[in-house]
K.L.:
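I'd like to ask some things about the structure below.
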Amino acid sequence: MNSSLNAARRARELAETRDLVVDVLVVGLGATGAGVALDAASRGLSVAAIEAHDLAFGTSRWSSKMIHGGLRYLAKGQIGVAYESAVERGLLLGRTAPHLVRAQPYLLPLLPEVSRRHATLVMTGYRLGDGLRAAARTPRHLLPGPSWISAQQALALASPLGSRGLRGALLSWDGRLVDDARLVLSVARTAASHGARVLTRCRALEVSGDGALVRDELAGETFTVRARAVVNATGVWAAGLHPGIRMRPSRGTHLVLRPETLPGLTAGLHVPIPGESNRFVLVLPQPDGRVHVGLTDEPVDGPVPDVPQAPEEDVTFLLSVLNSVLEEPVRREEVAGTYAGLRPLLDGEGRTSDLSRRHALLTTPDGLVTVVGGKLTTYRRMAEDAVDLAVSLSRLDAGRSRTAALPLVGAVPDDGRDDGRDDRNGGRRRGRDGGGDGNGGRGRNGRRGRDGGDHRAGGGGGGGTDRLLERYGSEAGAVRALMAEEPWLAETGPTGVTGAELVWAVRHEGALDVDDLLDRRTRIGLVPADREAALPAARAALTY
Ligand SMILES: Cc1cc2nc3c(=O)[nH]c(=O)nc-3n(C[C@H](O)[C@H](O)[C@H](O)COP(=O)(O)OP(=O)(O)OC[C@H]3O[C@@H](n4cnc5c(N)ncnc54)[C@H](O)[C@@H]3O)c2cc1C
């Protein structure tokens, strides 16, 4: 079946869903719910998946976009969680989403504040992480091993680092997403290609084990969806639908810097937080050239807002840790945007940063299954577990999960990548020698590094081939073809997004309004001034 989502398909499938009893109703379309829809649909079950707002409206778009190997869980002795993360990372990198997930180098700068003992301890952790990679059978060419590099090599990868007292850096690698909202979109479209009805702007008002009362937020009408099994995947909002669950959300804030604020940053940075031995502020160069800096971990009480806001104290904290390693400090007025997300943690003892990131499955007596917690990296495994439970509780006729071997929409087969992109994207090739040359993410084409030149992971500006390949994979050609239809479709806006991408999002990616286009199908909206500038193009795309 076609994977395209759009207003016409939504209207048709919404009408069908009212008269059907589906096998599985999924509530919430973040990474977890989209994963559940895909897992169930690809087992041959009939699926309706509803979302109150838009795909990836919730926490899934506010992440650090890292596909973790689970190192920090290893440090806490949560070996199972760490291994599960490493396995899922390997699947995403190598099989299911190689177009969306890349290897990203990170540096821990060895400044005087980092003692030799501390550095050795961190390197031991990185080596254990590399052992996890090997245990998860992720090949080195997808994810190089860690190494010590010199100060000169560190500055070549991250020229904004202060050179005074810099004696080198620890280089490590992990997975990173081109865009978290895009992962959700790809999973949801893949589910749609297996027949799932993906219905945005449909809010569950009440849920039970055999269906839900739903409000179509566009038409304002309520109706009932009947189902043999129901999975609540509403993340930090899960307690609102499942009696007895207690959540303890924790806020993570990121800063968004424009490309020109920290030029010459190819590698990400792990910046030690003063007074903490195993916590770091992350400096995360993005494929669009912006740099994100995160993240905090603060417990929050009270009602869960639709869109959390970043408080000024988080901004001050992140800037002060960031500036501790820079030659020239970033000023408050250079922070072009901020975003905050709430981790969907189940209530437990201790600091929120200590709560287990393992996911949980909970059921009500009438058979409602709630899947909560976990993280973006493990969405597939969470979904598999939730569908296994729903199938057994509701005695559905379904086989085993197939998603570990199921490429997402746009995935380019492994050997299809040897087309020259490897030399520009994330160091896959370079890593084949084990990544120990300290060359990190530089040297793809010799342009990255201290010159402060082009440091986008895609290498190119608007509609550039690399950029489109990284975001659209095998669909990049179709997006490029759309650019030829009219001059404005090839024009680029902020972050290099073309008009064609906006029109593509309306026709194939289920974007229904300017917010969907600017805040989720593209991430232009992370910088409010850029969002304002892109509004006319977004409006034009909706009526083209
Ligand atoms: C700041 C931060 C950084 C993070 N960084 C990373 C990272 O780098 N790597 C990683 O692996 N993980 C990371 N995580 C964790 C990860 O982002 C989350 O665990 C994951 O995105 C949760 O996805 P979800 O689908 O369960 O929830 P959500 O993405 O929140 O999805 C729930 C959806 O349910 C919808 N919904 C709510 N109520 C209803 C209703 N009544 N009817 C219909 N729909 C409803 C919401 O609109 C929402 O879209 C991070 C988390 C935070 C907060």
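Remember, it's 1-based here, ligands and their atoms both numbered in the order they're listed.
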K.L.:
Please list, chain by chain and in numerical order, all residues satisfying side-chain contact (heavy atoms from CB on, under 4.5 Å) with D306, sequence neighbours excluded.
P.N.:
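If we apply the side-chain contact (heavy atoms from CB on, under 4.5 Å) test to D306, skipping adjacent residues, the hits are H53, F57, W237.
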K.L.:
List ligand 1's nitrogen or oxygen atoms that come under 3.5 Å of a protein nitrogen or oxygen, with the partner atom and distance.
P.N.:
from     : atom 1 : to   : atom 2 : distance (Å)
ligand 1 : 5 (N)  : S64  : N      : 3.0
ligand 1 : 8 (O)  : S64  : N      : 3.4
ligand 1 : 8 (O)  : K65  : N      : 3.4
ligand 1 : 8 (O)  : M66  : N      : 3.0
ligand 1 : 9 (N)  : M66  : O      : 2.7
ligand 1 : 9 (N)  : H68  : NE2    : 3.4
ligand 1 : 11 (O) : L376 : N      : 3.1
ligand 1 : 11 (O) : T377 : N      : 2.8
ligand 1 : 11 (O) : T377 : OG1    : 2.7
ligand 1 : 12 (N) : L376 : N      : 3.2
ligand 1 : 19 (O) : G374 : O      : 3.4
ligand 1 : 21 (O) : S60  : N      : 3.4
ligand 1 : 21 (O) : S60  : OG     : 2.9
ligand 1 : 23 (O) : S60  : OG     : 3.1
ligand 1 : 25 (O) : A31  : N      : 3.2
ligand 1 : 25 (O) : T32  : N      : 3.0
ligand 1 : 25 (O) : T32  : OG1    : 3.2
ligand 1 : 26 (O) : T32  : OG1    : 2.7
ligand 1 : 29 (O) : T59  : N      : 3.4
ligand 1 : 29 (O) : S60  : N      : 2.9
ligand 1 : 29 (O) : S60  : OG     : 2.6
ligand 1 : 30 (O) : T59  : N      : 2.9
ligand 1 : 30 (O) : T59  : OG1    : 3.4
ligand 1 : 41 (N) : A204 : O      : 3.0
ligand 1 : 42 (N) : A204 : N      : 3.0
ligand 1 : 44 (N) : A52  : N      : 3.1
ligand 1 : 47 (O) : E51  : OE2    : 2.6
ligand 1 : 49 (O) : E51  : OE1    : 2.8
ligand 1 : 49 (O) : E51  : OE2    : 3.3
ligand 1 : 49 (O) : G58  : N      : 3.3

K.L.:
Go through the side-chain N and O atoms of R133 and T138 and say whether any donor and acceptor fall under 3.5 Å apart.
P.N.:
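There is no such pair (donor and acceptor under 3.5 Å, judged by atom type) between the side chains of R133 and T138.
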K.L.:
Between R279 and L295, what is the shortest heavy-atom contact and its length?
P.N.:
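Looks like NH2-O, 4.5 Å.
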K.L.:
Does atom CD (E206) have a neighbourhood of more than 12 heavy atoms from anything else shown, all under 6.0 Å?
P.N.:
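At most 12 heavy atoms, drawn from other residues, nucleotides or ligands, come within 6.0 Å of this atom.
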K.L.:
Please find the pair of heavy atoms, one from P272 and one from V321, that lie closest to each other, and give the distance.
P.N.:
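Shortest heavy-atom contact: O-CG1, 3.8 Å.
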K.L.:
Minimum heavy-atom separation for A386 to V36, with atom names?
P.N.:
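So the minimum-distance heavy-atom pair works out to CB-CG2, 4.2 Å.
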